[in-house]
Structure formats: structure tokens, C-alpha cells
Participant: 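Provided herewith is a single structure, encoded as C-alpha cells, for subsequent inquiry.
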Amino acid sequence: MDLSNANMLDEAIVTTKIDAVVNWGREASLWPFVFGTACCAIEFMATAASRYDISRFGAEVLRFSPRHADLLIVAGTVSYKQAPILKQVYDQMPEPKWVIAVGACASTGGFYDNYTTLQGIDEIIPVDVYVAGCPPRPEAILDAVMDIQKQLKREESFSVKHQEFKGKLDDV
Ligand code: SF4
């Protein structure tokens with residue numbers, strides 16, 4: 001028997017199991033940082049409160065420092081003036097991290113097609129899930145959290161995500 005092949009096989013099996021265990025833990029303990037700027041942030045508050053109860057999905061530990069968070073939830077209109085602040089928040093979050101754009105404004109600028117409003121946060125940071133609506137209902141925000149949970153199950157434990165992403169502020 002080729003011993004080197006046997007060792008490689010063992011390593012492959014162990015690595016897969018570590019990924020599964022780590023991702024299982026992450027899936028049930030997302031720590032969100034909410035960048036709430038407008039009406040969609042009120043919908044997020046409803047999502048987190050008792051009626052919709054985001055803690056059913058293990059994501060109720062809201063953080064007030066990006067350094068403690070792994071899920072960035074951007075809820076509301078983002079102006080060009082706020083864009084560097086949002087970018088800094090994203091950059092300060094440790095890997096691995098995920099981003100949800102809640103509502104039309106965060107996803108595309110919404111109906112604020114004007115000189116002050118960022119036309120979608122994906123101009124400056126990567127987005128994993130977009131939530132349609134103005135505003136989206138709390139169920140849609142919970143659906144986005146479940147979508148993130150599905151995505152992270154497929155990831156390698158120690159990978160760095162979105163390395164290829166280049167936003168408009170990355171060269172500034
Ligand atoms: S998408 Fe609609 S509800 Fe959400 S922040 Fe924009 S205007 Fe407000």
C-alpha cells in the first residue's frame with residue numbers, strides 16, 4: 001500500500017470534518033453588526049424583537065464593534081459621505097465575514113437616484129445576499145440570514161472571502 005496516499009486520504013477526511021464542525025458552530029452563532037441608517041433599520045429592529053425573534057437562528061448577539069462581528073447588515077440609504085465609514089466598518093471586521101444588503105436603498109440606491117446617494121453598497125464592499133423591498137418585511141431579513149447560513153456551510157474554515165473584490169474605494 002502506498003503510505004503517502006493513505007496519509008493524504010486521512011488528511012482530506014479530517015479537513016472535511018473540521019470544516020463541517022467549524023461551519024456548524026458558525027451557522028448557529030452569527031454575530032451581526034447593524035449599519036442602520038434609515039427606515040429599513042426599523043424593520044431590522046422588528047426582526048430582532050420578540051415577535052420575529054432572530055435568536056431562533058442564533059443571530060441575536062448584536063455587536064457594537066465591527067471587531068466583534070462576522071455578519072454586516074446594512075439597512076437603509078447610504079450616502080457618499082457615509083461610504084468611507086461603511087468601508088472602514090467592513091475592513092475592521094475579522095474574517096470570515098458576510099454581508100447582507102437590506103432593502104432597495106442598500107442594494108441599489110432605491111429611488112434616491114441623485115448626487116448624494118450611493119447606488120448600492122456593492123460599489124464599495126462585497127455583498128453576499130440582497131434583500132428586495134422598500135422596506136422588506138422581517139421574514140425577508142430572516143430569509144437572508146438563513147441564506148447566509150446555507151452559504152457558510154459550503155465554505156472552508158480558514159478561507160479569506162472576497163479577495164478578488166475591488167470596490168471604488170479600494171484604490172483611494
Ligand atoms: S428601501 Fe425603502 S424603507 Fe428601506 S431605507 Fe430605503 S426608502 Fe427606507
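Order of listing sets the numbers, starting from 1, for every ligand and every atom in it.
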Participant: Check whether any N, O or S atom of Cys40, backbone or side chain, sits closer than 2.8 Å to atom 4 (Fe) of ligand 1.
Facilitator: yes

Participant: For the side chain of Glu43 and the backbone of Ile141, is there at least one donor-acceptor N/O pair under 3.5 Å apart?
Facilitator: no

Participant: For ligand 1, which atoms have a heavy atom of Pro135 less than 4.0 angstrom away?
Facilitator: 3 (S)

Participant: So, the side chain of Lys97 versus the backbone of Tyr90: is there a donor-acceptor pair under 3.5 Å, distance only?
Facilitator: yes

Participant: Using a 3.5 Å distance criterion without hydrogens, assess whether the side chain of Asn114 forms a donor-acceptor pair with backbone atoms of Thr117.
Facilitator: yes

Participant: Considering only the protein, which heavy-atom contact is closest to atom 2 (Fe) of ligand 1, and what is its distance?
Facilitator: Cys134 SG, 2.3 Å

Participant: Using a 4.0 Å cutoff against the non-hydrogen atoms of Ala38, which atoms of ligand 1 qualify?
Facilitator: 5 (S)

Participant: Of the protein's non-hydrogen atoms, which lies at the shortest distance from atom 6 (Fe) of ligand 1, and what is that distance?
Facilitator: Cys105 SG, 2.3 Å

Participant: Look at the side chain of Arg137 and the backbone N and O of Gly133, then say whether any donor-acceptor pair between them is shorter than 3.5 Å.
Facilitator: no

Participant: Between Gln151 and Asp128 (side chain of the first, backbone of the second, donor and acceptor by atom type, cut-off under 3.5 Å), is there such a pair?
Facilitator: yes

Participant: When you measure from the heavy atoms of Gly76 to every atom of ligand 1, does any distance fall below 4.0 Å?
Facilitator: yes

Participant: Side chain of Gln92, backbone of Pro66: donor and acceptor closer than 3.5 Å?
Facilitator: no

Participant: Would you say Cys39 has an N, O or S atom lying under 2.8 Å from atom 6 (Fe) of ligand 1?
Facilitator: no

